[in-house]
Amino acid sequence: MIVVAAAVAVFLVRGGDDEPAAGGCRLVTPPSGAPIGPSSGVTVVEQGYTRIPSSGTVVSMGAVLQNTTDKVAYRTRVKFDVLNAAGTSVVWQKHHTFMVQEIPVILPGAKVAVGDALALAESARPDPGAVARVSITATVSRWLNAGDGNKGLGAVTTKLVAGKGERDADGSGSVSFNTNNANCAQMVGRGTSMIFRDAVGKIVGGSLSTEPALSACKPGSTTTPDLAISTLRSIPETADLNKTEVTAYCDFNRPPRSTELGAPIN
């Protein structure tokens, strides 16, 4: 089971700094400003990729990240890249804006699934050896003290609905999943990330839906039926959809969209 925590910036009525609000819901607001602290506490513990189709214009990739600290990792930016043997990126220029996504919150010790699909540069598409490896790196914007659902830092867990996943011949498809959100108030959805595994459990790809699964960020238990996976037809033929792992991206708010280089797509 993949766990991702999230919080909201919508304040309920609250007491003083040391008193919980009515109903026990006392949400916190993350600090803003420059990054604080190293990013080494969030590590890639597993990754994999597939070139789709074998003649290949698209690379589907995924990873499991873990927060190894006792702090909450807030707005972790994950950069995906596809490299040739010389270590040079072979991502299509028009897809550079899709190379970075942001995980709102990762709880202490938690693991999260992150996935992406990127098209190859036109010069790399005819070359079966153009892809040597993928690069997946994480940078944490801020570190927060640990909290619970009454402070907006409770766990958001997802569980796939077995038998509901579908893959079309072109690599598009859908999955359904249940979400349990331990936070006390509504959060803002910033997309849904996922990884695909083959029959033996190896990561073979991933995808990001930037359309928020709105029900996934509501308090309590909800079901998101038939989440479409159409981005670049990113499901490998070898994927066992019953092994798909999903992370719902729930945040305090949706930050202003930025056009600067390296800004997250979600």
Side-chain angles (χ1 to χ4, degrees), residues 1-9 27-48 61-81 89 96-116 118 134-149 151-158 181-183 187-195 203 206 208 210 212 216-217 245-266:
M1 177 181 293
I2 291 292
V3 180
V4 59
V8 292
L27 307 183
V28 298
T29 299
S32 60
I36 291 180
S39 295
S40 58
V42 173
T43 61
V44 178
V45 296
E46 187 182 2
Q47 70 178 46
M61 66 198 89
V64 174
L65 306 185
Q66 183 172 21
N67 179 1
T68 61
T69 77
D70 61 357
K71 300 284 188 180
V72 174
Y74 176 59
R75 289 190 175 173
T76 301
R77 292 192 176 187
V78 184
K79 182 179 181 180
F80 296 80
D81 205 349
S89 176
H96 284 188
T97 56
F98 295 94
M99 294 172 67
V100 178
Q101 59 186 257
E102 194 166 76
I103 309 170
V105 175
I106 312 176
L107 290 181
K111 294 181 179 180
V112 295
V114 294
D116 203 358
L118 298 169
V134 299
S135 171
I136 304 174
T137 56
T139 303
V140 181
S141 297
R142 304 283 295 199
W143 294 98
L144 308 178
N145 291 327
D148 57 24
K151 296 180 180 179
L153 293 171
V156 179
T157 59
T158 61
N181 183 348
N183 290 290
M187 291 173 285
V188 176
R190 292 186 58 193
T192 307
S193 199
M194 66 199 75
I195 59 173
I203 296 176
L208 171 70
T210 57
C217 295
E245 296 171 18
V246 178
T247 300
Y249 286 168
C250 303
D251 202 348
F252 289 82
N253 52 43
R254 180 177 289 276
R257 183 59 60 89
S258 173
T259 58
E260 68 178 82
L261 186 65
I265 189 63
N266 64 327

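When reading the values below, keep in mind they use all heavy atoms of this one structure, side chains included, and skip hydrogens, waters and symmetry mates.
- In this view, Arg77 and Glu102 satisfy the side chain to side chain donor-acceptor pair (under 3.5 Å) rule, not counting sequence neighbours.
- Looking at heavy atoms from C-beta onward, Val156 lies in side-chain contact with Asn183 at the 4.5 angstrom threshold.
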- Does the pair Lys111 and Leu65 meet the rule for a side chain to side chain contact (heavy atoms under 4.5 Å, CB included), with working shown? CA-CA 5 Å; Lys111 294 181 179 180; Leu65 306 185; over 6 Å; no
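- Considering every non-hydrogen atom in both Ala216 and Ala248, the closest pair reads CB-CB, 3.9 Å.
- Summarising the geometry, atom CG belonging to Leu208 is positioned 10.5 Å from atom CZ belonging to Arg190; distances are rounded to the nearest 0.5 Å.
- Using modelled atom types, one side-chain atom of Gln66 and one backbone atom of Gly109 make a donor-acceptor pair closer than 3.5 Å.
- Qualifying side chain to side chain donor-acceptor pair (under 3.5 Å) partners for Asp148, counting only residues two or more places apart in sequence or in other chains: none.
- In this structure, Val72 and Ala146 approach most closely via the heavy-atom pair CG2-CA, 3.8 Å.
- Not one N or O on the side chain of Thr69 forms a donor-acceptor pair closer than 3.5 Å with the backbone of Gly41.
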- Show your working on side chain to side chain contact (heavy atoms under 4.5 Å, CB included) between Tyr249 and Ile103 and close with a plain yes or no. CA-CA 6 Å; Tyr249 286 168; Ile103 309 170; 3.6 Å; yes
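- The two atoms that bring Ala63 and Ile136 nearest to each other are CB-CD1, 3.7 Å, heavy atoms only.
- Atoms CG and CZ, on Leu118 and Phe80 in that order, are 8.0 Å from each other to the nearest 0.5 Å.
- Across all non-hydrogen atoms, the minimal contact from Tyr74 to Asp251 is CE1-OD1, 3.9 Å.
- Panel note: side chain Ser193, backbone Gly115; a donor-acceptor pair is recorded below 3.5 Å.
- When every heavy atom of Phe98 is checked against every heavy atom of Ile265, the shortest pair comes out as CD2-CG1, 3.9 Å.
- Residues Glu46 and Ile195 fail the side-chain proximity criterion, which asks for heavy atoms closer than 4.5 Å.
- Across Ile106 and Thr76, no two heavy atoms sit closer than the pair CD1-OG1, 3.9 Å.
- With hydrogens and angles disregarded, no donor-acceptor distance shorter than 3.5 Å links the side chain of Asn67 to the backbone of Val42.
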